[in-house]
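Reviewing the structure listed below.
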Amino acid sequence: MNDDQERNTINCFRNRLRRLINVGPVLDMLQFLSDDQKELIRAKTRTEGDISAADLLLHEVITKEHSEGWFRELITALETAGCRHAANYMENNPPSPSKEFENDNCIKLIDLLKLSLVDMKTRDVCNSCYQRSLLTDEDRENVSRPFENLGNKAGARLLLSRLVKKELGWYSEFLEALKETGHGMLARELQGEPLKGHGETHTSPSSAPSLEVQSLDSSMDTSDFLSSTDVSAGDLAKGKKASARPSDSEIVLHDYQMEVALPALEGKNIIICLPTGSGKTRVAVYITKQHLESRRRMGQPGKVVVLVNKVPLVEQHYKAEFGKFLKHQYSVERVSGDSQLKISFPQVIEKNDIIICTAQILENSLAKAKNGDEDGIKLSQFTLMVIDECHHTQKGGVYNHIMIRYLKQKHRNIGLLKEQKTPVPLPQILGLTASPGVGGAKNQQKAEEHILRICANLDAYTIKTKSLREELMAPYKCIASAPERKEDPFGDVIKGIMDEIHSHAELSPLCQPGTQNYEQWVVQKEQNAAKEDNPRVRVCAEHLRQYNEALHQSNTIRMSDAFSFLNKYYNEELKKKSSPDEDDVIQITDTERFLFRLFKDNKEHLQELTKNPQYENNTLATLKTKILQEFTSRTIARGIIFTKTRHSAIALSQWIRENPKFESVGVRASHLIGGGDQSVVKPMTSAEQKDVLNKFHEGEINVLIATTVAEEGLDIAQCNFVIRYCLVTNEIAMIQARGRGRAEDSSYTVVEEAGSGVAERESVNEYRETMMSKAIARVCTLCQEEYEKKTKEYQMQAIMEERVKVKKKQQKVMKKEDPSKVKFSCRSCNKPVCSGEDIEIIENMHHVNVTTAFRELFTVRENTSLQERFLDYEANGVIACKQCGQQWGSMMLYKSIECPCLHIKHFVVTYGSKKKDFRKWNELAIRFPSFSYLQHAEHIANNSDEEMGDME
């Protein structure tokens with residue numbers, strides 16, 4: 001082994017080694033450590049005991065430079081001091097797992113029976129062990145000293161602490177020593193044999209330790225052996241009693257994990273790029289633990305923030321990783337939009353060592369601090385920042401907003417150092433990803449630039465990756481192409497309806513219906529028609545979008561699902577035209593009557609066609625064959641099917657549950673979709689997502705039909721097949737999805753219709769993946785000087801781009817017009833709604849209109865897909881135009897005041913003399929006033945008093 005490999009091996013087995021080394025005698029024989037280092041370690045022995053001292057010794061060995069031959073000198077010292085077991089681990093020659101487990105159980109049994117063992121004849125047993133070469137001369141002297149000064153029990157405790165550190169085979173020799181010195185009963189008890197007066201029957205001696213240990217607390221970790229007896233001779237000489245302490249969960253890393261972690265353990269910023277399922281998060285937990293321990297040893301405070309990009313990941317990382325392994329030593333807390341914490345985020349930061357949160361929560365608090373808000377926090381409060389799925393650290397992403405703040409401060413620190421001023425401390429950065437991608441690069445050079453940009457954005461010293469072909473077997477991959485449909489009468493009817501709408505609206509599409517290009521064309525037509533006050537074209541374009549979606553659905557799921565989609569849409573549209581208030585009449589235009597009649601005239605024909613299975617798409621039949629093949633060819637099958645939309649995920653789940661062939665082979669399916677309210681399909685709550693994932697873990701469900709929500713990050717049980725159904729996105733998604741097939745002999749299948757282009761796009765992604773791997777390898781081989789030069793250039797470019805962006809934003813704010821200069825009208829009927837003067841903002845994001853005049857213009861309907869509850873407000877209703885039924889937004893209850901909240905996408909905005917179409921409020925350069933809660937609350941209270949007076 002070379003020097004780095006030797007340090008790596010020591011670090012890998014560090015948790016065991018610190019409990020196997022007798023520090024005193026080893027330290028006396030080490031010449032490569034300075035006198036100051038040795039004295040520091042000896043002081044640790046006197047004050048905190050052998051384990052802490054051994055830990056400090058290992059730290060000095062691993063992190064400091066030493067003279068040539070230091071490793072052989074260390075091994076010799078261990079062997080001479082009777083620590084052959086520790087030497088074996090350092091030479092990367094550990095016992096087999098079964099023998100290691102057996103030895104750990106023997107140690108735990110000694111710990112369990114220590115109250116009986118400390119009454120043994122210590123001098124006699126010690127001499128017998130010495131004659132059997134279990135103890136060195138120095139061991140025997142050390143045991144004799146507390147025996148003579150403090151009595152038999154003190155000597156027995158030290159004897160036991162020495163024995164359990166010996167090489168395998170010590171246990172049987174110790175039993176013989178007990179028998180030889182007249183302690184046969186103790187020996188039999190340790191062997192699990194029945195004792196006089198005990199009615200309990202024990203098993204054979206060979207299995208006794210394992211069975212006995214199982215009766216203990218099963219959460220005990222084998223690495224923390226004999227914690228109550230492992231004390232130093234110095235402690236015993238001072239009369240200290242050995243005290244039991246709870247064991248920590250041991251974090252054991254594979255060699256490849258330790259290899260990628262090493263730069264981070266040295267305090268460097270790095271990106272760890274390992275495949276899905278290879279334990280990136282476990283590496284992050286280990287680095288976090290070592291980081292906090294290191295800072296604690298140096299007497300410095302440590303604080304770690306773990307950032308995730310999805311709310312479910314907060315709880316997952318807490319329960320499965322950071323909380324599980326570290327909450328016994330450190331305070332760990334999680335914060336997300338789902339959290340019910342009663343204290344502020346800054347208080348959470350202050351009170352805890354490790355905080356797991358969504359990146360947006362941290363960004364919001366950083367922004368508050370910049371604006372002088374007392375509720376804000378600063379990056380300097382953290383010493384380590386872990387960024388999960390760090391490939392999202394790109395333009396526009398919340399991760400990048402946070403890292404731009406970091407890079408700006410880093411740049412300022414350079415200036416402060418030049419001025420001989422104290423720089424602002426910044427946290428160490430640890431990025432985790434399975435695939436940084438190539439950012440759409442078409443050649444190798446651009447792919448390398450993309451990798452370097454991500455490294456620059458994360459201020460990474462390097463990107464660490466590892467080829468895991470041996471450790472992690474890639475799933476078998478195939479493309480399953482279904483033949484094109486020969487007949488599609490259902491689709492022909494829908495296309496006929498669309499042609500009639502084209503004629504009615506005088507529209508001439510330039511692309512085929514049922515395609516993505518048609519979708520883009522019709523969306524543009526709807527937006528233009530809204531701005532041009534052309535209700536005929538606008539409403540026709542809106543309906544054409546629904547038919548285009550139905551056409552797409554009939555090509556991927558059942559015709560009956562596509563028909564149900566259309567039928568539901570028209571039922572909802574008819575409901576919009578009926579007012580809850582009988583006195584109000586909602587207008588129906590001639591175009592709307594034409595569209596309703598057109599669907600009604602074709603409804604029965606479409607429904608009849610759905611009953612003919614010979615007209616179903618062939619991709620569905622191919623999917624069916626593939627699922628049945630997986631379940632009939634495997635003893636236990638568990639898999640994920642990825643699909644494009646929430647609606648198709650739900651429909652495929654129903655299709656599987658309703659098909660008896662699937663039930664006969666044991667398929668139990670459920671869907672898993674996202675939680676955002678961005679679709680006509682009701683989103684899944686976090687609780688519903690957790691419930692489905694738990695059932696999948698436990699085997700109650702063995703097939704998940706999921707949207708891309710399941711591709712990245714979520715801890716999903718091991719699968720042996722993954723299917724991407726008519727779905728291809730980019731190389732990152734492909735790698736993430738394929739990585740879900742973690743089990744041995746797993747398969748990855750892309751199901752497509754021949755000629756759809758799905759297989760070709762999958763090939764492009766494979767090419768990009770190869771480009772990505774080459775780009776990472778190339779970046780890793782750059783000399784450090786060249787790497788730092790390039791990343792610095794990209795960092796300065798990012799800072800300058802941010803400055804230009806901020807300057808433009810400031811200029812835009814300065815130019816913001818008076819609210820009275822904009823007017824809002826209904827997107828559907830063009831009815832004037834309100835002026836910008838009527839709009840107020842709640843919490844810098846919710847635009848409300850609480851005027852009396854506005855309340856006369858809308859009705860409130862229940863929206864089952866909108867179920868939001870926050871600390872100060874809740875929303876559970878839709879506000880819609882009284883005249884045409886067009887949705888305008890939602891009814892929000894803010895601190896017990898009803899506030900109609902407007903969504904700008906449902907309005908046409910007249911700005912000066914021009915009509916404009918906006919999707920988000922921040923696109924509109926108008927400075928709206930903040931909502932005055934006190935003013936409105938007083939107004940409501942006064943009106944209530946007047947009403948009560950009138951009643952009297």
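- Of all heavy-atom pairs between Ala505 and Arg536, the closest is CA-NH1, 3.4 Å.
- Among His552, Arg545, Gln546, Gln553, the single residue meeting the side-chain hydrogen bond (donor to acceptor under 3.5 Å, both in side chains) criterion with Glu549 is Gln553.
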Show your working on side-chain contact (heavy atoms from CB on, under 4.5 Å) between Lys310 and Thr358 and close with a plain yes or no.
-> CA-CA 7 Å; Lys310 294 177 182 176; Thr358 48; over 6 Å; no

Could you walk me through whether Leu510 and Tyr518 pass the side-chain contact (heavy atoms from CB on, under 4.5 Å) check?
-> CA-CA 8 Å; Leu510 303 174; Tyr518 183 91; over 6 Å; no

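- For Glu658, the CD atom is densely surrounded, since the number of other residues' heavy atoms within 6.0 Å is greater than 12.
- Between Ile879 and Ser890 the shortest heavy-atom distance is CG1-N, 3.9 Å.
- Remark: His847 pairs with Ile839, Ile841, Trp921, Phe928 by the side-chain contact (heavy atoms from CB on, under 4.5 Å) rule, at least two apart or across chains.
- Thr707 and Ala649 get closest at one heavy-atom pair: CG2-CB, 4.3 Å.
- Legend: residues meeting side-chain hydrogen bond (donor to acceptor under 3.5 Å, both in side chains) with His936, ordered by chain and number and at least two apart, are Glu840.
- For Glu604, the side-chain contact (heavy atoms from CB on, under 4.5 Å) test picks out no residue, with sequence neighbours left out.
- Val692 approaches Met684 most closely through the heavy-atom pair CG2-CE, 3.6 Å.
- Checked against side-chain contact (heavy atoms from CB on, under 4.5 Å), Arg919 has the following partners two or more places apart in sequence or in another chain: Gln527, Arg827, Lys905, Asp917, Glu923.
- Between the side chains of Tyr725 and Thr619, at least one donor N or O lies within less than 3.5 Å of an accepting N or O.
- Under 3.5 Å, the side chains of Thr610 and Arg558 contain no donor-acceptor pair of N or O atoms.
- Aromatic ring orientation, Phe594 versus His504: parallel (interplanar angle below 30°, classes split at 30° and 60°).
- Applying the ring pair (Phe, Tyr, Trp, His ring centres under 6.0 Å) criterion to His671, with sequence neighbours excluded, gives no partner residue.
- Cation-pi contact between Lys821 and Tyr911: absent, since separation from the ring centre below 6.0 Å together with deviation from the ring axis within 45° is not met.
- Defined by atom type and a distance below 3.5 Å, a donor-acceptor pair is missing between the side-chain atoms of Asn555 and Asn617.
- Pairing each heavy atom of Cys540 with each of Ile501, the nearest pair is CB-CG2, 3.7 Å.
- The distance between the ring centers of Phe565 and Tyr569 does not fall below 6.0 angstrom.
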Would Leu362 and Val398 satisfy side-chain contact (heavy atoms from CB on, under 4.5 Å), going step by step from the backbone distance to the final call?
-> CA-CA 9 Å; Leu362 177 62; Val398 65; over 6 Å; no

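- In this model, a donor atom of one side chain and an acceptor atom of the other lie less than 3.5 Å apart for His543 and Tyr570.
- Between Val850 and Pro900 the shortest heavy-atom distance is CG1-CD, 4.1 Å.
- Arg657 and Ser653 share a side-chain donor-acceptor pair at under 3.5 Å.
- Arg855 CZ: more than 12 foreign heavy atoms inside a 6.0 Å radius.
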Please step through side-chain contact (heavy atoms from CB on, under 4.5 Å) for the pair Ile842 and Met892, ending with a clear verdict.
-> CA-CA 11 Å; Ile842 294 177; Met892 203 168 93; 3.7 Å; yes

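- Within 6.0 Å of CG on Asn844 lie no more than 12 heavy atoms contributed by other residues, nucleotides or ligands.
- The side-chain contact (heavy atoms from CB on, under 4.5 Å) check on Ala367 picks up Arg405, with sequence neighbours excluded.
- Side chains of Ser648 and Thr643: a donor-acceptor N/O pair is present below 3.5 angstrom, by distance only.
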